[in-house]
There are 2 protein chains.
Amino acid sequence: MRIGELAARAGTTTRALRYYESRGLLPARRTGNGYRTYDDGDLKLLRQIMTLQDFGFDLEETRPFVECLRAGHPEGDSCPASLGVYRRKLAELDALIEQLTSVRAQVGAQLARAEAAVPGGPEPKCELGGHA
Amino acid sequence: MRIGELAARAGTTTRALRYYESRGLLPARRTGNGYRTYDDGDLKLLRQIMTLQDFGFDLEETRPFVECLRAGHPEGDSCPASLGVYRRKLAELDALIEQLTSVRAQVGAQLARAEAAVPGGPEPKCELGGHA
DNA sequence: TCTTGCCTTGACGTCGGCGTCAGGGCTTAC
DNA sequence: GTAAGCCCTGACGCCGACGTCAAGGCAAGA
């Protein structure tokens, strides 16, 4: 299949595919007139790339998975290098989530403090009076 | 004080200060020779900007806080516009944390599955045998 | 006077992952 | 023959928050 069809099938753009090729991630064969040609294997590689991208992996991080598949392994994560990327990503995610959670708490505290300092604030709880 | 001193006191760079000025966020007075001049009020504004930046606010989001301070309020978040930014940021953080948590779970599951499919895997639990 | 160290403006570079032309070629249908 | 619809290779644009020159001015000490 040609580039347009591959892009359509995978749900991406021809521009992205050319970009991946320029990065050496998804090279293409060429027909006589210079058109790029792809097969179902390439579609599989592309899907692997896109799945990881959705997870927030950047392109370079998808490379071990793609090379693993190209080496003939059934899954992109059948190779140690891919597992290494997974582990690094998990650590990265944990650190990021922890940081964001901390920030969230601080911003929440700031908001609460600021609201409390303002007249006609955030539905003051102290006006509740039992069941009446 | 001049730009270098302000930058040093706040722990940032002169380039950043000129950038903030170019965005209209932190304008400076000028001396006869064209040098920028700042006072302690500007230092306070700058600290507000930097604190929010540390929280991951982008520059535009700090603007209401800075304008609030410049309007004479004791805190940058003494104004409704600032509270609005806080709230939007909280929602944004919640969404992001949720998404990252989901991704973390999925990546973790992928790693576990991939490790299980590999020989000499991740210290198999099944070899434990009671207290002996 | 000369050096040193501050300051000025202007403008290009960075990073990632493409989007979006511009200019041109092949192929097929009409 | 020509229009339509695919394809090709550059190459610049974008976004945010500055970093990093380049070329030059001003002030103060030796």
Side-chain angles (χ1 to χ4, degrees), chain A residues 1-39 42-43 45-66 85 88-89 92-93 96 103, chain B residues 1-39 42-43 45-66 85 88-89 92-93 96 103:
Chain A
M1 79 194 91
R2 292 181 304 185
I3 193 170
E5 187 181 345
L6 177 59
R9 277 217 225 171
T12 182
T13 66
T14 60
R15 182 66 182 92
L17 297 183
R18 294 197 187 95
Y19 179 65
Y20 299 157
E21 181 174 15
S22 80
R23 304 281 88 192
L25 204 59
L26 191 62
R29 277 114 281 157
R30 300 296 180 120
T31 62
N33 56 15
Y35 286 12
R36 289 172 179 82
T37 306
Y38 304 90
D39 58 24
D42 292 315
L43 178 58
L45 298 184
L46 179 53
R47 286 201 209 281
Q48 174 74 81
I49 293 170
M50 292 177 69
T51 298
L52 294 175
Q53 288 266 86
D54 284 347
F55 282 167
F57 288 51
D58 56 48
L59 269 190
E60 275 314 306
E61 289 174 326
T62 73
R63 193 180 295 276
F65 295 81
V66 174
V85 174
R88 263 174 277 137
K89 206 66 188 180
E92 195 181 307
L93 282 167
L96 186 53
V103 166
Chain B
M1 78 194 92
R2 292 181 304 183
I3 193 170
E5 187 182 346
L6 177 60
R9 276 217 226 172
T12 183
T13 67
T14 61
R15 182 67 183 91
L17 297 183
R18 293 197 187 95
Y19 179 66
Y20 299 157
E21 181 174 14
S22 79
R23 304 281 88 192
L25 205 58
L26 191 64
R29 277 114 281 158
R30 301 296 182 120
T31 62
N33 55 17
Y35 286 13
R36 289 173 179 80
T37 306
Y38 302 89
D39 57 26
D42 293 315
L43 178 58
L45 299 184
L46 179 53
R47 286 201 209 283
Q48 174 74 81
I49 293 171
M50 294 177 69
T51 298
L52 295 175
Q53 288 266 86
D54 284 346
F55 282 167
F57 288 50
D58 56 47
L59 268 190
E60 275 313 308
E61 289 175 324
T62 72
R63 194 180 295 275
F65 295 81
V66 174
V85 174
R88 262 174 277 138
K89 206 65 186 181
E92 194 181 308
L93 283 167
L96 185 55
V103 166

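All figures in this text were calculated on a predicted structure; none of them were measured in a lab. Just so we're on the same page: letters track the sequence lines, and every chain starts at 1.
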- Task: Check for a donor-acceptor pair, side chain of A/Asp39 on one end and backbone N or O of A/Asp42 on the other, with a separation under 3.5 Å.
- Result: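 Flag set: sc A/Asp39 to bb A/Asp42 pair under 3.5 Å.
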Quick check: do [X] and [Y] have side-chain heavy atoms less than 4.5 Å from each other?
| X | Y | result |
| --- | --- | --- |
| A/Gln48 | A/Thr62 | no |
| B/Phe65 | B/Thr51 | no |
| B/Glu61 | B/Leu52 | no |

- Query: Is the shortest side-chain N to carboxylate O distance from A/Arg88 to A/Glu60 below 4.0 Å?
  - Reply: no
- NZ/NE/NH1/NH2 to OD/OE distance under 4.0 Å, B/Lys89 and B/Glu92: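 Yes, B/Lys89 and B/Glu92 are salt-bridged.
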Round to the nearest Å and state the distance from [X] atom [atom1] to [N] atom [atom2].
| X | N | atom1 | atom2 | answer |
| --- | --- | --- | --- | --- |
| A/Ile3 | D/dC8 | CD1 | C1' | 10 Å |
| A/Asp54 | C/dC18 | CG | P | 11 Å |
| B/Glu60 | D/dC15 | CD | P | 13 Å |
| B/Leu52 | D/dA17 | CG | C1' | 16 Å |
| B/Leu17 | C/dT8 | CG | C1' | 14 Å |
| B/Tyr38 | C/dC7 | OH | P | 10 Å |
| A/Ile49 | C/dG16 | CD1 | P | 17 Å |

Ignoring backbone atoms, establish whether [X] has a side-chain N or O less than 4.0 Å from OP1 or OP2 of [N].
| X | N | result |
| --- | --- | --- |
| A/Arg15 | C/dT20 | no |
| B/Gln53 | D/dC18 | yes |
| B/Thr13 | D/dG19 | yes |

- Along DNA chain D (nearest heavy atom to each residue), the more 5'-positioned of B/Arg2 and B/Leu59: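 Upstream on the strand: B/Leu59.
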- Taking only heavy atoms on the protein side, list every residue of residues 19-36 of chain B lying under 4.0 Å from any atom of DNA chain C, sorted numerically.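 Only B/Arg30, B/Gly34, B/Tyr35, B/Arg36 qualify.
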- salt bridge (Lys or Arg N to Asp or Glu O under 4.0 Å) involving A/Arg15 - partner list, sequence neighbours excluded: none
